[in-house]
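In listed order, ligands and their atoms are each counted from 1.
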Amino acid sequence: MSYSTQLRFVAGALLALAAPVAARAAGDLNLFGWSEYVPQTVIDGFTKATGIKVNFETYSSNEELISKLVAGGGRYDLVQPSDYAAEVMIRQKLLAPLDKTKLANLKNLSADFTGRPHDPAGAFTVPYMAGSVGIVVNTEKVKVPVTSYREVFQAQFQNRIVVLNDNREIVSWALKSLGLPINTITADSLAKARPVVANWVKLVKVFDSDSPKTALLNGDVDLGIVWSGEAAILWNQHKKFRYVIPAEGAHQFIDVLAIPANAKNKAAAHQFINYILRPEVSKLISAAFPYTNPNAEARKLLRADELANPASYPKEGKLETFRDIGRMASDIDRLVTDLKSAK
Ligand code: N2P
């Protein structure tokens, strides 16, 4: 290989590494979604129904989504933020308004999940799935009741705990356990949360937002704080895994689909949103990832045992959604990153 060929080869390899999706063909849909959330069968079904190829990339937190979207320069056609992240993105003008004439299946959604504060008129977002963040306990290993955040983070459970690898989450649990608000964050409330979080991170064995169920299933840990859909899968595997909404109250999320303002293929993005709103498609999402389905028509198609799963459809518990907290979000990030590196 000549020197200049080698250079071209290296440059090409670097470009491929930096931008795997750049190889898209015109007309493809570039979907950027949470890991373990969009079944491949649904993506394949969409391609079969429309002829549109989907390039799928995943992320593990809202913060990762926003930073990659901002850096991506029009790389993504469809994203899947949580409510509060969508609120941030709307404020920062990162989202395109939806053309509702292309979304006939919006009528299938339950009114319980629309008209929420992050996007009151539904101008930018469409609910995908909802859920909560709660405690899961392997009751064969943990014989004492665990019903609150404080009861999870006890010295007796050191190195037996899995939690989400999510800074906003862990700080909110600490704030809740102190009786402080999770959406009005001040320097003072963070100073109070800091020693609590410092203590807690030392007790955790595994931080995992992608598949926290795995450490519980393979017996690496005995309890944790996880997304409700993960707990629902554990319950389906074995009834020894119990889901509990923490007594202090838990975070409820509504994750949505939204189209970036600089998306190149907004038409395909609308088609995908309308496709997942079909009841028979939405039902497949629930079967693979048993979160709380916001699609009223899809719910009618779920089996009784799916609707009876206590993690997917909890009967009681205080739930509160996150809101855009502006610049305090980076203070939270810094706090947890510091404490984890000191662990
Ligand atoms: C899917 C996680 C979705 C819940 N793995 C986050 N809001």
Side-chain angles (χ1 to χ4, degrees), residues 31-43 56-69 78-89 113 116-119 125-136 162-173 182-183 206-217 224-237 241 243 245-246 250-258 276 282 284-295 309 311-314 317 319-325 329 332-333 336:
L31 170 64
F32 196 28
W34 285 90
S35 60
E36 311 253 334
Y37 218 21
V38 187
Q40 193 57 44
T41 47
V42 166
I43 293 176
F56 184 35
E57 274 184 63
T58 60
Y59 53 84
S60 312
S61 73
N62 284 299
E63 293 65 32
E64 181 185 351
L65 156 62
I66 293 177
S67 66
K68 290 193 171 158
L69 177 71
L78 188 59
V79 294
Q80 195 178 35
S82 298
D83 37 27
Y84 75 97
E87 195 178 0
V88 171
M89 294 160 90
F113 298 92
R116 294 295 193 104
H118 59 274
D119 182 17
T125 65
V126 171
Y128 174 80
M129 279 285 157
S132 54
V133 176
I135 300 168
V136 66
V162 59
V163 299
L164 300 174
N165 191 17
D166 191 297
N167 298 347
R168 176 92 189 254
E169 286 293 343
I170 193 163
V171 168
S172 297
W173 312 335
I182 57 170
N183 285 316
V206 180
F207 288 91
D208 183 359
S209 289
D210 295 318
S211 183
K213 63 183 168 305
T214 304
L216 283 145
L217 271 176
I225 304 184
V226 304
W227 315 119
S228 56
E230 291 280 303
I233 293 173
L234 288 166
W235 171 259
N236 289 338
Q237 296 274 330
F241 294 112
Y243 187 65
I245 299 285
H251 169 211
Q252 179 190 44
F253 52 83
I254 300 174
D255 297 326
V256 301
L257 289 172
I276 67 98
S282 182
L284 296 176
I285 302 172
S286 277
F289 301 111
Y291 286 86
T292 309
N293 196 318
N295 186 316
N309 189 312
S312 312
Y313 299 96
L319 299 177
E320 187 179 359
T321 47
F322 284 172
R323 300 296 307 273
D324 173 8
I325 49 169
I332 285 182
D333 255 339
V336 181

Ligand 1 polar-atom proximity to protein (N/O, under 3.5 Å):
{"unit_1": "ligand 1", "atom_1": "5 (N)", "unit_2": "S35", "atom_2": "O", "d": "2.6"}
{"unit_1": "ligand 1", "atom_1": "5 (N)", "unit_2": "E36", "atom_2": "O", "d": "3.4"}
{"unit_1": "ligand 1", "atom_1": "7 (N)", "unit_2": "S82", "atom_2": "OG", "d": "3.4"}
{"unit_1": "ligand 1", "atom_1": "7 (N)", "unit_2": "D255", "atom_2": "OD1", "d": "3.1"}
{"unit_1": "ligand 1", "atom_1": "7 (N)", "unit_2": "D255", "atom_2": "OD2", "d": "2.9"}

Point-to-point distance, once rounded to the nearest 0.5 Å, from CD1 of I285 to OG1 of T41:
8.5 Å
Has the side chain of N183 got a donor or acceptor atom that lies under 3.5 Å from a matching backbone atom of F322?
no
Centre-to-centre under 6.0 Å for F253 and W227, is that the case here?
yes
Any sub-3.5 Å donor-acceptor pair from Y59's side-chain atoms to G33's backbone N or O?
no
Using 4.0 Å as the upper bound for N to carboxylate O, is an ion pair formed by R168 and E63?
no
Does S35 offer a backbone N or O that forms a donor-acceptor pair with the side chain of T58 under 3.5 Å?
no
